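To start, the structure itself, in structure tokens.
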Protein chains: 2
Amino acid sequence: MDTWKKFDTNALTHSAAHHLFAIHELGAGYGGWARVSDIARQLGITRGSVSVSLRVLKARGLVTTDEHHMVRLSAQGQKIIENVAAKREAVRTFLREVLGLSVEQADADSCKIEHLISPQMAGRLVQFMKFLVSKESVKGDVLRQFRKFEGDCHGRSSCAVCQGNCLLAQLAKTEKVQEKKTLTDI
Amino acid sequence: MDTWKKFDTNALTHSAAHHLFAIHELGAGYGGWARVSDIARQLGITRGSVSVSLRVLKARGLVTTDEHHMVRLSAQGQKIIENVAAKREAVRTFLREVLGLSVEQADADSCKIEHLISPQMAGRLVQFMKFLVSKESVKGDVLRQFRKFEGDCHGRSSCAVCQGNCLLAQLAKTEKVQEKKTLTDI
DNA sequence: GGTTATTGTTTGACATGCCAAACAAACGCA
DNA sequence: TGCGTTTGTTTGGCATGTCAAACAATAACC
């Protein structure tokens with residue numbers, strides 16, 4: 001139906017999230033204060049773009065400025081970015097420690113989805129990881145076993161995950177298109 | 001650095017992915033052919049918007065039209081959408097069957113990230129699920145154990161997942177902001 | 001003090017993606 | 001045949017998010 005249209009009805013756009021992140025990081029050593037120029041440098045965009053974006057973020061009450069053009073997060077902005085940071089950490093850790101992706105790949109993927117995932121998904125993800133390292137989880141053997149796992153359902157319909165249409169085969173198939181057309185991603 | 005800017009350098013935007021999906025689904029019963037009106041209805045947008053979007057998708061060689069304005073996916077478009085569909089299924093299944101989210105929540109989350117995740121992440125996710133249902137995974141006990149798991153690290157720095165700054169507590173904390181400010185999501 | 005950066009803002013431009021409204025062509029039915 | 005409906009397109013408008021370029025104000029140096 002219309003589920004897909006809710007894509008951009010999030011509290012934070014990808015851009016806004018990273019503006020707030022930049023202020024958060026840059027301000028860390030300066031009592032929370034950051035400058036437009038540094039934000040721009042950090043994000044790899046122009047000062048003008050930052051200036052415009054900040055106007056919106058100020059209007060939404062997420063950042064404030066003082067008389068010297070210094071920028072900082074509001075209490076609300078602070079809370080929001082801490083939330084996104086928690087989601088980012090949850091996803092990054094999962095991708096690295098559970099799925100075994102490289103640091104670079106984990107960073108790239110988590111960056112794209114960190115601001116989009118629901119509190120429910122993030123919470124369950126964290127809880128799942130806590131379980132995996134807990135005593136209850138078959139003494140932490142799960143991940144070690146997974147590292148050695150080389151299973152392939154070969155398209156068998158008995159596979160509870162793929163049900164005949166092997167997802168791994170499907171993902172591998174279209175990888176070729178990617179190479180041919182030099183798309184950055186599918 | 002600039003990792004975050006690659007957000008929109010994907011082969012497919014959220015919008016484009018769902019246009020292709022709509023054509024794919026509508027065409028299923030008609031030899032792959034779909035009409036602009038039906039695509040618009042399916043997506044909940046106007047015919048004009050679809051008309052404009054299709055112009056771009058045609059130029060990129062992802063869809064073709066015949067002399068009666070009928071629309072269908074090109075071979076390339078077909079492959080791309082099958083790939084996204086595989087990613088969607090991987091994520092949806094993981095969110096429902098592993099994390100235990102509701103169908104609605106799983107659909108909402110997977111819809112937002114399906115076109116953004118890397119082939120690597122999708123592949124590992126599928127492989128992980130295959131492992132979880134395999135004989136090697138402690139006889140499939142993992143998920144059953146997880147359902148009963150109620151662990152909480154209480155902010156202990158010994159927690160391998162949270163390391164003192166409990167992610168669950170962090171996520172729960174900002175949930176309140178969400179309620180107060182009636183944001184649709186954080 | 002004067003010249004030369006550096007900084008933040010404004011402006012016009014472009015791209016994406018949506019809408020509403022106007023329109024012509026084709027269709028349907030009587 | 002003719003009238004109303006459906007369909008696809010075009011146009012102008014809005015919002016977001018980027019750039020480059022021009023500008024004023026401040027800072028830094030000699």
Side-chain angles (χ1 to χ4, degrees), chain A residues 1-23 26-27 30 33-60 62-72 111-112 115-116 184, chain B residues 1-23 26-27 30 33-60 62-72 111-112 115-116 184:
Chain A
M1 335 293 163
D2 281 344
T3 312
W4 78 280
K5 290 183 73 176
K6 296 191 185 131
F7 177 68
D8 48 0
T9 62
N10 304 293
L12 244 46
T13 62
H14 183 74
S15 169
H18 281 274
H19 276 75
L20 298 186
F21 258 123
I23 298 168
L26 289 168
Y30 300 92
W33 295 102
R35 298 186 314 162
V36 173
S37 272
D38 295 326
I39 299 167
R41 194 168 13 252
Q42 173 105 350
L43 295 177
I45 61 180
T46 64
R47 300 192 308 274
S49 296
V50 173
S51 184
V52 173
S53 297
L54 286 182
R55 209 145 57 199
V56 180
L57 294 176
K58 268 188 275 186
R60 289 184 52 192
L62 302 183
V63 309
T64 52
T65 48
D66 71 3
E67 64 276 25
H68 305 306
H69 296 120
M70 295 298 278
V71 183
R72 72 173 302 153
C111 171
K112 288 185 180 179
H115 65 297
L116 293 173
T184 57
Chain B
M1 337 289 162
D2 282 344
T3 312
W4 78 279
K5 289 183 74 175
K6 298 193 183 127
F7 177 68
D8 48 359
T9 62
N10 305 293
L12 245 45
T13 62
H14 183 72
S15 169
H18 281 273
H19 276 74
L20 298 185
F21 258 123
I23 298 168
L26 289 168
Y30 299 93
W33 294 103
R35 298 186 313 162
V36 173
S37 273
D38 296 327
I39 300 168
R41 193 166 16 251
Q42 173 105 351
L43 294 179
I45 61 180
T46 64
R47 300 193 309 275
S49 295
V50 173
S51 184
V52 173
S53 296
L54 286 182
R55 210 144 60 198
V56 180
L57 295 175
K58 268 189 276 188
R60 290 184 51 191
L62 302 182
V63 309
T64 52
T65 47
D66 70 3
E67 63 276 25
H68 305 305
H69 297 119
M70 295 298 279
V71 184
R72 71 172 302 154
C111 171
K112 289 185 181 178
H115 65 295
L116 293 174
T184 59

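Chain letters run A, B, ... following the sequence lines, proteins first and then strands; every chain starts at 1. The figures here come from the full heavy-atom set of this structure, side chains too, leaving out hydrogens, waters and symmetry mates. Remember, it's a predicted structure, so these values are computed and weren't measured experimentally.
- Using cut-offs of 30° and 60° for the angle between ring planes, the B:His18 and A:Trp4 rings count as parallel.
- Residue B:Met70 contributes atom CE, which lies 8 Å from atom P of D:dG8 at whole-angstrom precision.
- For DNA chain C, the contact window with chain B, defined by any atom under 4.0 Å from a protein heavy atom, covers C:dG17 to C:dA20 in 5' to 3' order.
- One interatomic measurement links the two molecules: NE2 of A:His19 to P of D:dG17, which rounds to 9 Å at whole-angstrom precision.
- The distance between atom CG of B:Leu57 and atom C1' of D:dG8, rounded to the nearest whole Å, is 16 Å.
- For the residue pair A:Gly27 and A:Ala34, the shortest heavy atom distance occurs at N-CB, 4.4 Å.
- Near DNA chain C, meaning a heavy atom under 4.0 Å from it, residues 45-52 of chain A has A:Arg47, A:Gly48, A:Ser51 in order of number.
- Remark: B:Ser37 is in phosphate contact with D:dG8, judged by side-chain N or O atoms under 4.0 Å from OP1 or OP2.
- To the nearest angstrom, C1' of D:dG17 lies 16 Å from CD1 of A:Ile39.
- B:Arg41 is linked by a salt bridge (charged side-chain N to carboxylate O under 4.0 Å, His left out) to B:Asp38, counting only residues two or more places apart in sequence or in another chain.
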What pairs of nitrogen or oxygen atoms, one from the protein and one from nucleotides 26-29 of chain D, lie under 3.5 Å apart?
none

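- Taking atom NE2 on A:His68 and atom P on D:dA25, their separation rounds to 17 Å, with Å as the unit.
- In this structure the side chain of A:Trp33 never reaches within 4.5 angstrom of the side chain of A:Leu26, judged on heavy atoms.
- Summarising the geometry, the separation between NZ on B:Lys5 and P on D:dG17 is reported as 14 Å, rounded to the nearest angstrom.
- For the pair B:Lys5 (side chain) and A:Gly44 (backbone), a donor-acceptor distance under 3.5 Å is present.
- Under the 4.5 Å side-chain criterion, counting only non-hydrogen atoms from C-beta, B:Leu12 is not in contact with B:His19.
- Across B:Lys112 and A:Asn10, no two heavy atoms sit closer than the pair NZ-OD1, 2.7 Å.
- You'll find the side chain of A:Met70 reaches within 4.5 Å of the side chain of A:Arg35, heavy atoms only.
- The heavy-atom pair separating B:His14 from B:Cys111 by the smallest distance is CE1-O, 3.3 Å.
- Within the 4.0 angstrom heavy-atom criterion, no nucleotide atom of any strand lies near A:Arg41.
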For residues 49-58 of chain B, which side-chain N or O atoms pair as donor and acceptor with protein atoms under 3.5 Å away, sequence neighbours left out?
residue	atom	partner	partner atom	Å
B:Ser49	OG	B:Thr46	OG1	3.0
B:Ser53	OG	B:Ser49	O	3.1

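- Taking the six-membered ring wherever Trp is involved, the centroid distance between the rings of A:His115 and A:Phe21 does not fall below 6.0 Å.
- Within 4.0 Å of A:His18, counting heavy atoms only, lies no atom of the nucleic acid at all.
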